[in-house]
Amino acid sequence: MHRYANPTRFLRIARIATPLTLVPGLILTIIALYIGLFASPPDYQQGESVRIMYVHVPAAWLGSGGYLGLAIASATALIWRHPLATVAARAIAPAGAAFSAICLMSGSLWGKPTWGTYWVWDARLTSMLVLLFLYLGYLALAASETERGGERRGASILALVGAINLPIIKYSVEWWNTLHQGSSINVLQGKSAMAPEILTPLLLSVGGFTLLFAAIVLMRMRALLAEQRVEARSRRLAEAVA
């Protein structure tokens, strides 16, 4: 991956990859949400409220998956000083925080008709809330280190330490007695407890949201690299005038 550390080489790839992820992501998401909201049947137990799942599940997946990407980028920045690793981490963090917030809000809306309340201190919900706080902590610490001209090592260390929360989110429904239901899809065994009419739009939604997440990260990385170039050019002009 070090061959792509050159910003110019990365930008050439990103310019091509951005529309290739953005356009299919929008199409898949629109199709999935249309099927999920209007064409799929209601759940035999939860009724119409199950339609929140088509937003909630992809948001939960991207909140956790985004933090895993943030931790990997932070580790790469700390160990190998990869030039684009810190840029990638800064691009992933706000997108991951946004999807984590969407997950919590949609989960609360789903919880009201299902559990009778918007919020319970359930293990899965609480660990997901901790994940949102970790994202916000990373963003605040990274912004503070940027103002001081630091290398953002503190933010990277926080991202790595916070990764401990990911297996807690994943296995919380198995380790503790929780209200949140367990996983309905077993990827390793290729099995699902969902009917095909519900599973198909859900998988389309997950795919569409994932492509949109990738497009957002690529666009933010391009914007951050452009900002770095402008700042470097401004410093050179200031030094030349001085």
Side-chain angles (χ1 to χ4, degrees), residues 21-69 92 94-132 135 166 168-174 176-217:
T21 52
L22 179 61
V23 175
L26 286 172
I27 294 173
L28 278 178
T29 300
I30 292 171
I31 293 173
L33 292 182
Y34 174 80
I35 298 174
L37 297 177
F38 301 106
S40 66
D43 184 73
Y44 75 101
Q45 285 185 324
Q46 301 181 46
E48 299 293 344
S49 66
V50 76
R51 301 186 191 282
I52 300 174
M53 172 180 66
Y54 301 112
V55 173
H56 176 72
V57 172
W61 148 247
L62 290 170
S64 299
Y67 198 91
L68 178 60
I92 291 170
F99 278 102
S100 297
I102 292 172
C103 169
L104 289 168
M105 289 186 290
S106 60
S108 296
L109 293 175
W110 198 358
K112 179 61 175 177
T114 304
W115 300 334
T117 181
Y118 288 107
W119 183 265
V120 291
W121 291 101
D122 179 89
R124 173 64 64 82
L125 274 67
T126 303
S127 56
M128 199 68 197
L129 180 62
V130 170
L131 183 70
L132 176 60
Y135 272 122
L166 294 179
I168 295 176
I169 295 174
K170 169 65 176 176
Y171 296 107
S172 57
V173 294
E174 300 177 16
W176 295 283
N177 184 21
T178 68
L179 289 175
H180 197 287
Q181 70 182 54
S183 176
S184 300
I185 302 174
N186 191 319
V187 178
L188 296 178
Q189 297 181 4
K191 297 180 179 179
S192 171
M194 297 181 184
E197 296 83 359
I198 295 178
L199 179 62
T200 299
L202 177 60
L203 294 179
L204 289 175
S205 181
V206 170
F209 273 78
T210 301
L211 288 173
L212 289 178
F213 186 91
I216 292 170
V217 171

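Quantities reported herein were computed from a predicted structural model and do not represent experimental measurements.
- The closest side-chain heavy-atom distance from I216 to T21 is not below 4.5 Å.
- In this structure, the side chain of S100 engages the main chain of G96 through a donor-acceptor pair within 3.5 Å.
- Side-chain contact between L202 and V57: present, with at least one pair of heavy atoms (C-beta onward) separated by less than 4.5 Å.
- The heavy-atom pair separating P201 from A32 by the smallest distance is O-CB, 3.5 Å.
- In this structure the side chain of I169 reaches within 4.5 angstrom of the side chain of R124, judged on heavy atoms.
- In this structure, W119 and W121 have perpendicular ring planes: the angle between them is above 60°, well past the 30° mark.
- Among residues two or more places apart in sequence or in another chain, the side-chain hydrogen bond (donor to acceptor under 3.5 Å, both in side chains) test is passed with T29 by none.
- Here the closest heavy-atom approach between residue I102 and residue A59 is recorded as CG2-CB, 3.8 Å.
- When every heavy atom of I168 is checked against every heavy atom of S127, the shortest pair comes out as CG2-CB, 4.0 Å.
- Residues D122 and V173 are not in side-chain contact: their nearest non-hydrogen atoms beyond the backbone lie 4.5 Å or more apart.
- Distance check, rounded to the nearest 0.5 Å: CG of L26 to CD1 of I31 gives 11.0 Å.
- Within the 4.5 Å cutoff, no side-chain heavy atoms of Y54 are placed close to those of I35.
- Residues F209 and F99 meet the side-chain proximity criterion, which asks for heavy atoms closer than 4.5 Å.
- With sequence neighbours excluded, no residue satisfies salt bridge (charged side-chain N to carboxylate O under 4.0 Å, His left out) with E197.
- Scanning both residues, S49 and T114, for their nearest heavy atoms gives OG-OG1, 4.2 Å.
- A side-chain donor-acceptor contact under 3.5 Å links Y135 to the backbone of Y67.
- S106 is linked by a side-chain hydrogen bond (donor to acceptor under 3.5 Å, both in side chains) to H56, counting only residues two or more places apart in sequence or in another chain.
- Rounded to the nearest 0.5 Å, atoms SG (C103) and CG (L125) are 8.0 Å apart.
- Across every non-hydrogen atom of S205 and L33, the tightest pair is OG-CD2, 4.5 Å.
- Inter-residue side-chain proximity for Q46 and P113 is flagged as unmet; no heavy-atom pair is nearer than 4.5 Å.
- Counting only heavy atoms from C-beta outward, the side chains of L212 and L22 approach each other to under 4.5 Å.
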